[in-house]
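Within every chain, numbering begins at 1; the chains are lettered A, B, ... in the order of the sequence lines, protein sequences first and strands thereafter.
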There are 2 protein chains.
Amino acid sequence: MAAKRASQPRRSVWLTPEPTTRGRRGAERGSGAGHLDREKIIATAVRLLDEQGDAKFTMRALATELDVTPMSVYWYIANKDDLMELALDAVAGEIELPDPAAGRDWREDLRSLALAWRRTMVAHPWAIRSYGEYLNIGPQSMQFSACAQAVIARSPLPEAERPAALSAVFQYVYGFTSMESRWLEYGKEAGRTADEFLEEVAGSIAQSPEIAAGGGLMERHSGHSLGEMRDRDFDRALDWLIAGMCAGLSD
Amino acid sequence: MAAKRASQPRRSVWLTPEPTTRGRRGAERGSGAGHLDREKIIATAVRLLDEQGDAKFTMRALATELDVTPMSVYWYIANKDDLMELALDAVAGEIELPDPAAGRDWREDLRSLALAWRRTMVAHPWAIRSYGEYLNIGPQSMQFSACAQAVIARSPLPEAERPAALSAVFQYVYGFTSMESRWLEYGKEAGRTADEFLEEVAGSIAQSPEIAAGGGLMERHSGHSLGEMRDRDFDRALDWLIAGMCAGLSD
DNA sequence: ACCTGAACACCGTTCAAGT
DNA sequence: ACCTGAACACCGTTCAAGT
């Protein structure tokens, strides 16, 4: 992906003037099964990506699923990169946003925003990879980031610090979630649970002469599943970050 | 990449029993130019990846660069995934590790470790994408992580907390660096500096009706370049994280 | 032991043509 | 306006063959 053809650097779908004429009437025409339109294509793409992973997601497979020739899709969507951006924004719309009227503490809202983002990304592991590749400035992504900005605006942080604070939180969440998804996928590929797979890798590493069983990495489950520990670690690091950025503030 | 063929899930190179016989003598044979060996292939791969990006990096291009038929490479390396893992571990070897004998504060060493990691990844933008895909358990990567563990072991954190603390730091660094690399690459692809490109995107977004110029994202340069601000934000977030995890400790 | 040539089973996408 | 068919220019990789 990502502009094999170096001649003309690809612009984000969201920065491309809308092709107005193309595929704009699917909705009005009645959603009789056979008909193609942008939304149906995107929804199908998301479903296939979820079911089979991005490695197996091809324009040809998508067309087959839509009962159509590969090139039909191109009437509605310019190229695969655009489609990925569209699909990504679609799942961004699934992120549960906290109700601003609920009057909760901003820290709580920030944490639940982070958790909602993580949940959605883990539910669509291909999405986080795409998130790293594209600009993520579609309407749903922008709504999410507007919500995050509204939350941080309720913090006692000086206005000039807020963007950096928000970036820090979501860079962390992105990093955490990337790793988490990858382990889950590795496990799935290997036909094991993530726990089993981690255990297996740790075992192989322990035998290697390079690292003298340096401790760490593993051997820290005492009754809790890896999943529970992941959740706890996620929360803890968020607390650290938030506590750190609030240190020395009046509130 | 990543196991298109779902039949047999790929194992990491590092978990594969070494093929001992293959390509093991390049060094002894004298490094006369024409000869192929594992190390030469890896070094050339890294160079091509650096020069042209991973999108253009193909086994065929690599073979051409090595003045050889595409299939020659396969005598030494099983497949492209393995090669990527090998290349990734090679650049991991470039990360500057702090001298443990220097007697610096553990926080300082942790920060410089994070910065060194970030620098190396930004110098090889393809590497951070690979880092998200593979297991990263090669010898050089393990040496890095052993060093990080040694640093955190000098902290006053209780032993049980250390792995989580280390994870949190490097998850953040990974997230930060992913975004940073991506912006730099976007700028390069568009033939602009990262600053110009960000400016351009921000301009386009501001015009969109979706987001009512929510503020944030931009308009926060006061004499400093974006690069300087990035560096400062990176340091700040690390400080927050470290301060947060040390809060309530005796030291 | 090492390297080649030809081929296979794919990709995304262009382009001219159909209805 | 919408969809198709054939083709192009690629991929990674297998397999049998050369030296």
- Task: Starting at atom CG of A/L66, determine the distance to atom C1' of D/dT4, rounded to an integer number of angstrom.
- Result: 15 Å
- Length of the NZ-P vector between A/K56 and D/dG12, whole Å: 19 Å
- Candidates C/dT4, C/dT13, D/dG12 - which lies nearest the side chain of A/Y74: C/dT13
- Base-paired stretches in DNA chain C with three or more consecutive Watson-Crick or G-U pairs, both distances under 3.5 Å, amount to C:4-8 with D:12-16, C:12-16 with D:4-8
- Query: Is any side-chain nitrogen or oxygen of A/S72 closer than 4.0 Å to OP1 or OP2 of D/dC3?
  - Reply: no
- Message: Closest-nucleotide mapping onto DNA chain D: is B/P70 or A/T69 further toward the 5' terminus? I mean the 5' end.
- Response: A/T69
- Value in whole Å for how far the C1' atom of D/dG12 lies from CG of B/D81: 10 Å
- Query: In whole angstroms, how far is the C1' atom of C/dG12 from the CD1 atom of A/I77?
  - Reply: 14 Å
- Message: Can you confirm whether the side chains of A/D50 and A/W126 place a donor and an acceptor under 3.5 Å from each other?
- Response: yes
- Counterpart residues, side chain to side chain contact (heavy atoms under 4.5 Å, CB included), relative to B/N136 (two or more places apart): B/L88, B/Y131, B/Y134, B/S141
- Message: Can you tell me which residue among A/W183, A/F170, A/W117, A/F234 is in a ring-ring contact (aromatic ring centres under 6.0 Å, His included) with A/F176?
- Response: A/F234
- What is the minimum heavy-atom distance between A/L62 and A/L48, and which atoms define it? CA-CD1, 3.7 Å
- Task: Would you indicate, yes or no, if C/dC3 has its OP1 or OP2 atom less than 4.0 angstrom from a side-chain nitrogen or oxygen of B/Y76?
- Result: yes
- If you check the B/K80 side chain, which of D/dG12, C/dC3, D/dC3 turns out closest? D/dG12
- Nearest whole angstrom, please: distance from the P of C/dG12 to the CG of A/D54. 12 Å
- If you check every side-chain atom of B/M71, which of D/dT14, C/dG12, D/dC2 has the closest atom? D/dT14
- Query: What is the distance, rounded to the nearest whole Å, between atom CZ of A/R38 and atom P of D/dC2?
  - Reply: 13 Å
- Query: If you look at every heavy atom in A/D37 and A/Y76, which pair is closest and at what distance?
  - Reply: CA-CE2, 4.0 Å
- So, B/Q140 side chain and B/A92 main chain: donor-acceptor pair closer than 3.5 Å or not? no
- Note on the structure: B/M84 atom CE is separated from D/dC11 atom C1', nearest whole Å, by 15 Å
- Message: Distance check needed: D/dC2 C1' versus A/K40 NZ, whole Å only.
- Response: 14 Å
- Counterpart residues, salt bridge (Lys or Arg N to Asp or Glu O under 4.0 Å), relative to B/R118 (two or more places apart): B/E180, B/D231
- B/T58, nearest nucleotide to its side chain (from C/dG5, D/dC3, D/dC11): D/dC11
- Task: Ignoring backbone atoms, test whether B/W75 places a side-chain nitrogen or oxygen under 4.0 Å from the OP1 or OP2 oxygen of C/dC2.
- Result: yes
- Note on the structure: Among the nucleotides C/dA1, D/dG12, D/dT4, whichever has the atom closest to the side chain of B/R60 is D/dG12
